[in-house]
Amino acid sequence: MAGDRGLSGPHLARILGAWRSARPGYVALAAGVRLLVLDGRLPLRTRLPGERELAAALGVSRTTVAAAYAALRDEGFLTSRRGAGSWTSLPADRRAVPAGIEAPPEADVIDMSAAATAAPEGALHRALAGAVAELPRHLPGTGYGAVGLPALRAAIAARLGARGAPTAPEQVLVTAGAQHALALLLRVLAGPGDRVLVDHPTYPNALDAIRAAGARPVPVALAPDGWDLAMLEATLRQAAPRLAYVIADHHNPTGLTLGAADRERAVALARATRTPLVVDETMAELTLDPGADPPAPVAAHDPAGEAVVTIGSASKAFWAGLRIGWIRASPTLVGRLALARATLDLGSPIVEQLVATELLADAEPVLALQRSALRGRRDALDAALGAALPRWRFAVPAGGLSLWVELDAPHSSALAAVADRHGVRVAAGPRFGVDGAFERFVRLPYNLPEPLLGAAVERLAVAWRAVAGNVPAGAPEPALVA
Ligand SMILES: Cc1ncc(COP(=O)(O)O)c(C=O)c1O
């Protein structure tokens, strides 16, 4: 068995964290490594350090490490070859994937790991033609611009106004997508060691951005039916986060939408605690069911952008390949962000900004087509899961791009690992949480065409049968928060 990568003793010691418990040393160590594998934090086929090296890094005897490795081997979490080393594996792997069968070629894998759509073909071509026609007017300039093209800032402000949050173009900063917007905000509003309040679960790349800024995500659990405002208030007051990051519309991954009264209350809490409320509206335009539009934007309760900072994007409504997003804030904060941006990039590309301007100028027909295609796909995925995996439970969201599915056993990481071998890629629940939460959940986007969704569900059902029947009874269940 060839390992994909290896890690050193000190490295494994670091990610093991506080592994010691009241149990015998080798049992506790084996449990720590097993949890890392199940949570996906220690990828499959990773070569573990030698016994002597890990013993030195952990300050334990070599016998302890040898016994832990032996236990892991017995359970199927480790595969060893004399003289070559030991690699992480899954018990389910051994039985689900007959020896000699490798992962399918990349082209045959159905990728359900990204909640994003293909470009709306005709509309994108037309917008590009319009942008090319506009381009000559911009060529005499340098092409640099930290806040964005005036026409695009005006178009974004107009769209926000039409949705119920009157906005001046000076309140808008154009970014390279919502992810860039969050990174920029973190750079300006938070620093190493700061706390950042997050919904739990939340968008994984937001968690990564917070950690990359040296800050610490402080989770506030979402209930099955929405936000817990009392917990939000307690966390704002007690944890004193530098900012709060909330996905208020068709939340990724749960599909939940913050109600009108709770929006008003959340803004009042942000004001009272002087905590900037960063609202990610990336999914806001993807309401699939008639009459299920989210309430007016959270920013409607804060016209000047003093308490609420809004992040938006063209990625889900139109196409992520444009890499166009925005921030709505006070003109003062827009100025600070524009200055900070100079250390990251010096502005957004002109042609893409012009394309986004064109798309926003006549958004409704494009959005209507996107929504109706997604509605059909959502319903197809719902039906396919109901038929093939009736014990998985989920609420069908009124919008957004994915189902947040509760499995009938807490083995999401194992499912993701085994499903990959069966030709379908999914994001395991723990990607959406902190500290290994959400092993009982998996996110399944419905952005792909219906026949592919059907095939993906068939593969998932095979993978799940292998996983659910194979995880040893003695394996610890990772902590569940939701
Ligand atoms: C909630 C949320 N925020 C941000 C992003 C990133 O969007 P962008 O492509 O605009 O960077 C996504 C993409 O999935 C998302 O779901």
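Read the numbers this way: they start at 1 and go in the same order the structure lists the ligands and their atoms.
Classification of Arg341 and Asp345 as a salt-bridged pair holds, one side-chain N sitting under 4.0 Å from a carboxylate O. Glu285 has a carboxylate O that lies under 4.0 Å from a charged side-chain N of Arg371, or vice versa, which qualifies the two as a salt bridge. Look at Arg271 and Asp302 and you find a salt bridge, because one of the NZ, NE, NH1 or NH2 atoms lies within 4.0 Å of a carboxylate O, short of that distance. Checked for salt-bridge contact, Glu364 and Arg159 meet the test: a charged N lies under 4.0 Å from a carboxylate O. Taking the charged nitrogens against the carboxylate oxygens, Glu406 and Arg393 do have a contact shorter than 4.0 Å, which makes a salt bridge.
Classified by interplanar angle (parallel below 30°, tilted 30° to 60°, perpendicular above 60°), the ring pair Phe432/Trp404 is perpendicular.
Of all the atoms in ligand 1, the ones that sit under 4.0 Å from a non-hydrogen atom of Ile247 are 1 (C). Every atom of ligand 1 is numbered from 1 in the order shown, and the set under 4.0 Å from a heavy atom of Gly177 is 10 (O), 11 (O). For ligand 1, the atoms sitting less than 4.0 Å from at least one non-hydrogen atom of Ser313 are 8 (P), 10 (O), numbered in the order shown with element in parentheses. Ligand 1 places these atoms under 4.0 Å from at least one heavy atom of Met283: 16 (O). In the vicinity of Asn252, heavy-atom distances shorter than 4.0 Å reach the ligand 1 atoms 14 (O), 15 (C), 16 (O).
Looking only at protein heavy atoms, the nearest one to atom 7 (O) of ligand 1 is Ala178 CB, 3.7 Å. The closest protein non-hydrogen atom to atom 6 (C) of ligand 1 is Tyr203 OH, 3.4 Å. At the top of the distance list for atom 3 (N) of ligand 1, counting protein heavy atoms only, stands Asp280 OD2, 2.6 Å.
Results of the side-chain contact (heavy atoms from CB on, under 4.5 Å) test with Trp326 over Val172, Ile311, Thr310 single out Val172 as the only residue that passes.
Of all non-hydrogen atoms in Ala209 and Leu182, the two that sit nearest each other are CB-CD2, 4.3 Å.
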- Query: Step by step, would you call Arg263 with Asp249 a salt bridge (Lys or Arg N to Asp or Glu O under 4.0 Å)?
  - Reply: CA-CA 11 Å; Arg263 289 177 187 231; Asp249 309 275; 3.0 Å; yes

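Not a single N or O atom of Ile324, backbone or side chain, sits closer than 3.5 Å to an N or O atom of ligand 1. Of the polar atoms of His180, none of the N or O atoms is found under 3.5 Å from an N or O of ligand 1, judged by distance alone.
Look at Lys316 and you'll find a heavy atom under 4.0 Å from some atom of ligand 1.
Only the side chain of Ser315 comes within 4.0 Å of ligand 1, judged by heavy-atom distances. If you look at Arg323 next to ligand 1, the close heavy atoms, those under 4.0 Å, all belong to the side chain.
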